[in-house]
Amino acid sequence: MEEIAVALSAEGIQKKVVCPGRGQLSTFSDGTKVKFHYRTSLCDGTVLDDSRSAECHSKPMELIMGKKFKLPVWEQIVTTMREGEISDFTCEVKHTALYPQMSQSLRNIRAGKDPLEGQRHCCGIAQIHSHHSTGHHDLDELQANPQPLVFTIELLQVLTPGTFQLDTWAMTDEEKMEAVPQIHEQGNALFKQGDFAGAAENYHNAIACLKNLQMKEKPGDEPWIKIDNMITPLLLNYCQCKLNQNQYYEVLEHCSSLLSKYEDNVKAYFKRGKAHAAVWNEKEARSDFANVVKLDPSLAPMVARELRAMEERIREKEKEEKGRYKNLFAAGATATTG
């Protein structure tokens with residue numbers, strides 16, 4: 001352990017063991033998966049990120065060794081740890097300069113956004129020297145004034161290659177393309193079982209794989225269009241899950257995005273129409289349903305049922321509001337006469 005501490009110190013990393021681990025030190029060969037909790041702090045103790053916090057859903061970090069993770073120092077420090085060990089690592093600026101971009105990606109993922117949102121037009125190093133905003137005040141401050149950071153790491157598990165299934169983010173481009181149909185089918189199976197949250201997660205993962213591949217192509221070129229045509233049915237399936245989960249505004253957002261590119265997508269109009277109807281946007285719902293019938297007259301009976309259901313809900317709402325106002329005025333009159 002003393003040799004490890006000396007080697008780390010020479011690299012500008014100071015290690016302090018808080019709780020010793022168990023067993024022997026793993027070899028951490030390429031392809032090894034490590035799971036760990038982390039807390040990132042400034043040297044004055046200010047916490048930037050904590051994987052055990054509610055914001056992070058208490059979900060541990062997972063790394064595949066040798067996959068060129070955005071923050072190489074994390075790969076370096078976990079290889080000095082045993083399972084169950086908790087240690088503090090104080091790392092010089094040369095190791096922490098890319099932390100704002102890495103943290104932004106993780107925060108995007110937790111918010112259900114593209115992990116590369118806001119990072120598409122220049123590499124990490126270029127962003128450090130630009131006025132690019134991460135969308136988070138604390139990360140912007142750190143980006144503008146790079147400084148040493150303290151990483152408190154608890155190594156939970158070390159999995160050797162071949163003992164686990166690769167997460168989509170850790171796959172090669174070829175592996176991603178091969179995995180998409182399988183993930184799609186898994187989503188369909190879960191949907192049939194009524195597990196809409198599980199199905200949505202599968203569709204989301206498949207879309208993420210394809211989006212990652214699409215970003216490497218020029219918009220409008222044949223490969224880009226081919227991938228976009230693969231994304232569209234997945235996104236529509238995802239929207240159906242969200243409809244079933246009553247998450248209507250997300251459906252409105254995604255269907256509107258689809259229709260801005262594909263004005264003749266009947267399914268997108270239909271799902272958006274249902275979402276509009278659910279949030280009392282009667283005019284918009286009628287417009288979308290009209291487009292459905294215009295593009296596919298055979299769906300007229302289905303649209304008619306949706307319109308009747310919407311009209312019935314509107315009547316019930318108006319009746320309920322009328323009763324509420326009547327009671328309100330009656331209560332006011334009683335108070336006045338009393």
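Values in this document were obtained by computation on a predicted structure and should not be read as measured data. We count residues from 1, following the sequence as given.
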**Report entry** Modelled atom types, side-chain donor and acceptor of Tyr262 and Asp228, under 3.5 Å
**Finding:** yes
Query raised in the report: Hey, are Asp140 and Ser133 close enough side-chain-wise for a donor-acceptor pair under 3.5 Å?
Result: yes
Using 0.5 Å steps for rounding, measure from the [atom1] atom of [X] to the [atom2] atom of [Y].
X      : Y      : atom1 : atom2 : result
Glu83  : Leu25  : CD    : CG    : 10.5 Å
Thr134 : Arg107 : OG1   : CZ    : 7.0 Å
Ser103 : Leu149 : OG    : CG    : 10.0 Å
Ile77  : Thr90  : CD1   : OG1   : 10.0 Å
Leu71  : Met102 : CG    : CE    : 4.5 Å
His95  : Glu11  : NE2   : CD    : 5.5 Å

I'd like to know if the side chain of [X] reaches the main chain of [Y], judged simply by a donor and an acceptor atom lying under 3.5 Å from each other, with no hydrogens or angles considered.
X      : Y      : value
Tyr269 : Cys255 : no
Asn281 : Glu284 : no
Glu62  : Lys33  : no
Gln143 : Pro100 : no
Thr79  : Gln76  : yes
Lys176 : Asn212 : no
Ser51  : Tyr38  : yes
Glu85  : Val17  : no
Asp221 : Pro223 : no
Ser260 : Ser257 : yes

Would you say [X] and [Y] are hydrophobically clustered, going by side-chain heavy atoms of ILVMFWY under 4.5 Å?
X      : Y      : result
Leu259 : Leu234 : no
Leu48  : Val150 : no
Val78  : Ile86  : no
Leu156 : Phe28  : no
Trp224 : Ile231 : no

Query - Ring geometry between His204 and Tyr238 (parallel below 30°, tilted from 30 to 60°, perpendicular above 60°) - result: tilted
Query - Geometric class of the Tyr99/Phe151 ring pair [parallel <30°, tilted 30-60°, perpendicular >60°] - result: tilted
Requested in this report: Please lay out, stage by stage, how Asn188 and Tyr203 fare under the test side-chain contact (heavy atoms from CB on, under 4.5 Å).
Outcome: CA-CA 9 Å; Asn188 291 346; Tyr203 296 140; 2.6 Å; yes
**Report entry** Trace of the side-chain contact (heavy atoms from CB on, under 4.5 Å) decision for Lys216 with Asp173
**Finding:** CA-CA 10 Å; Lys216 299 174 183 179; Asp173 288 354; 2.7 Å; yes
Ion pair [X]/[Y], N-O distance below 4.0 Å:
X      : Y      : value
Glu154 : Arg52  : yes
Glu311 : Arg286 : yes
Glu312 : Arg315 : yes

Please name the pair of heavy atoms, one in [X] and one in [Y], separated by the smallest distance, quoted to 0.1 Å.
X      : Y      : result
Val158 : Ser26  : CG1-OG, 3.7 Å
Phe270 : Val292 : N-CG2, 3.5 Å
Ile225 : Gly220 : CD1-O, 3.2 Å
Ile13  : Cys91  : CG2-SG, 4.0 Å
Val180 : Cys209 : CG2-CB, 3.9 Å
Val251 : Cys239 : CG2-O, 3.5 Å

With the side chain counted from C-beta on, respond yes when [X] and [Y] share a heavy-atom pair under 4.5 Å apart, and no when they do not.
X      : Y      : value
Ser87  : Thr152 : no
Met310 : Leu307 : yes
Phe196 : Lys242 : no
Trp280 : Ile314 : yes
Phe36  : Met81  : no
Thr232 : Leu258 : yes
Gln214 : Met230 : no
Phe89  : Thr80  : yes

Query raised in the report: Do any pairs count as a salt bridge (charged side-chain N to carboxylate O under 4.0 Å, His left out) and have a residue in residues 244-254, sequence neighbours left out, and if so which ones?
Result: none
Quick check on [X]: does its [atom1] atom have over 12 non-hydrogen neighbours (other residues, nucleotides or ligands) under 6.0 Å away?
X      : atom1 : answer
Lys267 : NZ    : no
Lys59  : NZ    : no
Glu222 : CD    : no
Arg82  : CZ    : yes
Lys283 : NZ    : no

Query raised in the report: Can you check side-chain contact (heavy atoms from CB on, under 4.5 Å) on Leu210 and Met177, steps first, answer last?
Result: CA-CA 7 Å; Leu210 293 170; Met177 190 58 81; 4.3 Å; yes
Query raised in the report: When you look at His276 and Arg272, which way does the side-chain contact (heavy atoms from CB on, under 4.5 Å) test go after all the steps?
Result: CA-CA 6 Å; His276 274 309; Arg272 193 174 72 173; 3.8 Å; yes
Report summary line: Between His184 and the options Asn237, Asn205, Asn202, the side-chain hydrogen bond (donor to acceptor under 3.5 Å, both in side chains) test singles out Asn237
Query raised in the report: Which residues satisfy the ring pair (Phe, Tyr, Trp, His ring centres under 6.0 Å) test with His37, sequence neighbours excluded?
Result: none
